[in-house]
Amino acid sequence: MIANVAVKNYPQAPIDISEAIRYAGGGKSEEILLLANSCAEEINGKLRGSVCYVLLDVEIKEDVCDFGVFRVTSENLAKNLCGAEKVILFGATVGVEIDRLIAKYSKSSQTRAVMLAGLGAERIEALCDSFCADMEKELNVKLKPRFSPGYGDLDISMQREIFRVLDCPKRIGLCLTESMLMTPSKSVTAFVGII
Amino acid sequence: MDFFNFLKNNTVYLDGGMGTLLQKEGLLAGEHPEMWNITHPDVIRKTHMDYYNAGSNVVSTNTFGANILKFSEEELDEIVKAAIENANAARRGVKGENKFVALDIGPTGKLLKPLGDLDFEDAVAVFAETVKFGVKYGVDLIIIETMNDSYETKAALLAVKENSTLPVIVTNAYGADGKLMTGASPAAMVAMLEGMGADAIGANCSLGPKQLMGVAEELLRVASVPVVMKPNAGLPSVCDGKTVYDVDAEEFSVDIETLIDMGVRVVGGCCGTTPEYIKAVTEKTKKKSPKDIIDKEITFISSYTHAVTFGKAPVLIGERINPTGKKRLKQALIENDLDYILGEGVNQEEKGVHVLDVNVGLPDIDEPKMLCRVIDELQAVTDLPLQIDTSNTVAMERAMRRYNGKAMINSVNGKAESMESVFPLVAKYGGVVVALTLDERGIPDSAEERFLIAKRILREAEKYGIKKKDIIFDTLAMTISADINAARATLGALKLIREKLGCHTSLGVSNVSFGLPLRDAVNSTFFAMALENGLSAAIMNPHSQEMMRTYYSYNALSGNDENCASYIEAAETFGSIVNAASLTNEKKCTAEYSSELEKAIVKGFKEKAGEITSLMLSSRVALDIVNENIIPALNIVGKGFEEKRIYLPQLLMSAESAKSAFEVIKKHMAEKGSGAADKGRIVIATVKGDIHDIGKNIVKLLLENYGFSVIDMGKDVSPEDIVEKTVELKAPIVGLSALMTTTVPAMEDTIKLLRKEAPWCKIIVGGAVLTEEYAIRIGADKYASDAMEAVRYAEEICVQK
């Protein structure tokens, strides 16, 4: 029997400003730093970090990964999960507020919009890191690097299957558009092999 | 007894969780629980029966995810039919009175535009299908539940109201911060849902009863309909691969008892609760007499995040999005320059207004279409509630329908025709409507006559079920330059209405000074006088320092500003006058820059660039400023970016500073009646299916900087629309953006159609997944890896022409 899909919520982890600037396109000037800090202040406390996940068994034969609930043919994923017998499949999002702010500033300040997008990227990566660190501790295991649909030869249409199993809209408000984009946009789905 | 009457006089017990019970019976992750109505009717019926036997008055059909996005129409018909039959069979199998069956409606699983890709009207259509089947097979009421977005909740309630006359309960999923996932507060939800005629409003799912106490309090404080609470069995944790909840039946029933004592009238459970929980609740509380439902008499409007209440501090309504007397805005409307209009919205928000007035009425403009577009787009960039300001009732209805919240409507008046067309809209969509005290005979001179019209308007509104609290009177400010007693009549009527009718009031303050010099002085004094006579809201210009000073001073003087904190904070921004000399003093700038404007642009000082330009215009020709100062500055930055000496955020800061300089020049030219010369028209869009537009916006900004006239069609644009616009404008260049491998095919389709219908145009493409080779393969003329490359290419093409 398949384990239940569970949900974890995370408070905001400290922001890595230089990482956010890197995502936004870089730059070291005083003005850029000021801008990045003021954007960080603006999102402070406004983002939610939610993750829904499930533990799945995996059987890997050549380039086919069989998770029980579905099978995936992908050389890169098979290589990534090599040696794992279990995986965590998760969906994570920092919510809609960052998208709102980006949309707002795209009408009044493109610079701010770009910096906020950089911060959003930093935030979702930080959320995934927190979640994975948390799971390593909770399960007392080591986790392999995350692998998401769209990486290498893992087809993005895989998202439909992932959403079906995790029921992301109901659990964490993460939705999928017809063209496989995730909304809110600062979101991640990924497989993580357990060793 | 029917459900309406039962709800009026009793505490109503709903059922508890269904999903968790089905999982125990073997429902797998990824399997549709709704199918179990057909495949396992015995399990579903037993669950319903257990709830009825535990004391539930209402069981919800197992139709949470039953909609046409997940199932075909035939499947949906079958599922809803079976689900209702299962609930009815359970009801036949139990004893006792007052057992009802509710059609259960959950979210679509899609995020609505602008955050997602589901259009509001499509969402209404999705819900309507489920409602129609529910009505066809017969239920006692409808429950809309677990909605985490206010817009989707509105779509669902609208679908129910348009396709049934059944009672309807609406519950939302609030997070730990007491708000919906998309940001709405309980008060915002109550304002909107009450206005649309929900019979009971509340919260379900996401948290346990203890964590939802704050939400319950807030709902009870503002709601004039019964409040519903259907919490989870506490908070979940995973134990041996299974989800367990931390509140047991006994503790749950104690918490629900507290909620009932607070005044909650409809109770039940959500995830993790079982018939055992409902039994504990009914046994503990069935002897309690329910608290009365009291009309809270709150006048409030809402956006998708918060409510604005009238009656405490004055409400400021920004007047800048209205073309009357504003040439630059007129030009923007005619040219479809939505960014300018949206910028006006954002700027007013920054100045501290609480509501934005939106009026786009111009001759030769398709007002319903334009108003809806502006309302849609404004709601993507600001969370202020909007005042829909139009005399075109078609435009009014469309805007009210699409508005995400409870809107303010401007306006109705004492003419029979006006009331007959506006009041039905307010009754259907909800809203607070501004009523002008004029009628068929015009605007009465005296305060008393205006007061009489107000009374008549109230009586008429009542016939449509519109309450006094949802009408705000505007006693019409007229210019004192035409009639020296005009202000006194306006203020007199204001006072009478406030004191004798107890209604709230609003005025378009700025009208009072029309035709006079130094209008701000008259306006702000009149504003203060009106406030003292009971004015609740003012349509005003927030860029007027005098008006803002009056506002903050009044609040402090009337005891509405604790420790004068807001006044002191605002005072810091008062009186900052730009020193003209310091800005244009060419000697001040270092040898690095040829002028202060060049420096401001290169350094990315946005506001300063605009200020300097506006001073320079008094002594120099606009075109010279562009050629001698702005373009050289842009070249410095552009070159630096191309040589990788400066980074994207810096490039953008400079581009925005140049834009702010250009905006000043554009305004100057619009006032002089001359259009700006442009290098050529470029149509740009993010292709169908793609909703990322940051890259496209950057390209647009840079192209505009370099003198191109950019027609931005937005994101998720169909090939047909892009082609139509390109042909219409005979645009020489089209720019397309796509971020995902899944949306590149849409880009390819667009290019194919462009080649056929607009063979003259050159096509530039860009986006994260594209490469030079890929771009050529899909038929583009040019792949631009960044915005500067797009600019250089566009210049090349336009020079050739």
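Two residues are said to be in side-chain contact when any heavy atoms from C-beta on lie closer than 4.5 Å; B/T146 and A/K170 fail this criterion. With a 4.5 Å cut-off on side-chain heavy atoms, B/Q650 and A/S29 count as touching.
The heavy-atom pair separating B/G109 from A/C175 by the smallest distance is O-SG, 3.4 Å. The nearest pair of heavy atoms linking B/K110 to A/E178 is NZ-OE2, 3.1 Å. The heavy-atom pair separating B/P649 from A/I32 by the smallest distance is CB-CD1, 3.3 Å. Across all non-hydrogen atoms, the minimal contact from A/G173 to B/N148 is CA-ND2, 4.0 Å. When all heavy atoms of A/S185 and B/H692 are compared, the closest pair comes out as CB-NE2, 4.5 Å.
Within the 4.5 angstrom heavy-atom criterion, only side-chain atoms of B/K606, from C-beta onward, approach chain A. Both the backbone and the side chain of B/L111 come within contact range of chain A, with heavy atoms under 4.5 Å apart. Neither the backbone nor the side chain of B/Y340 comes within less than 4.5 Å of any heavy atom of chain A. In this structure, chain A has no heavy atom under 4.5 Å from any part of B/S206. Within the 4.5 angstrom heavy-atom criterion, atoms from both the backbone and the side chain of A/R164 approach chain B. Interface residue B/D690: backbone and side-chain heavy atoms are both found under 4.5 Å from chain A. Residue contact with chain A, scored on non-hydrogen atoms closer than 4.5 Å, involves the backbone and the side chain of B/K179 alike. Heavy atoms closer than 4.5 Å to chain A are found nowhere in B/I341, neither backbone nor side chain. Both the backbone and the side chain of B/I691 have a heavy atom closer than 4.5 Å to some heavy atom of chain A.
The ring-ring contact (aromatic ring centres under 6.0 Å, His included) analysis of residues 149-174 of chain A, with sequence neighbours excluded, yields the pairs A/F147-A/Y151.
If you tally non-hydrogen atom pairs under 4.5 Å between each of B/D716, B/D177, B/I646 and chain A, the highest count goes to B/D177. Interface remark: of the candidates B/I694, B/T182, B/T741, B/V346, B/T182 forms the most heavy-atom pairs closer than 4.5 Å to chain A.
Within residues 125-135 of chain A, no residue approaches chain B closer than 4.5 Å by heavy atoms. Residue-level contacts of residues 188-195 of chain A with chain B do not occur; threshold 4.5 Å between heavy atoms. Inspection of non-hydrogen atoms places A/V96, A/D99, A/R100, A/I102, A/A103, A/K104 of residues 94-105 of chain A under 4.5 Å from chain B.
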Applying salt bridge (charged side-chain N to carboxylate O under 4.0 Å, His left out) to A/E30 and B/K603, what does each step give before you reach the verdict?
CA-CA 11 Å; A/E30 197 185 325; B/K603 285 286 209 181; over 6 Å; no
Would you check, one step at a time, whether the test side chain to side chain contact (heavy atoms under 4.5 Å, CB included) holds for A/S50 with B/M181?
CA-CA 11 Å; A/S50 309; B/M181 183 195 79; over 6 Å; no
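Crowding of A/E136 atom CD: a count of heavy atoms from other residues, nucleotides or ligands under 6.0 Å exceeding 12.
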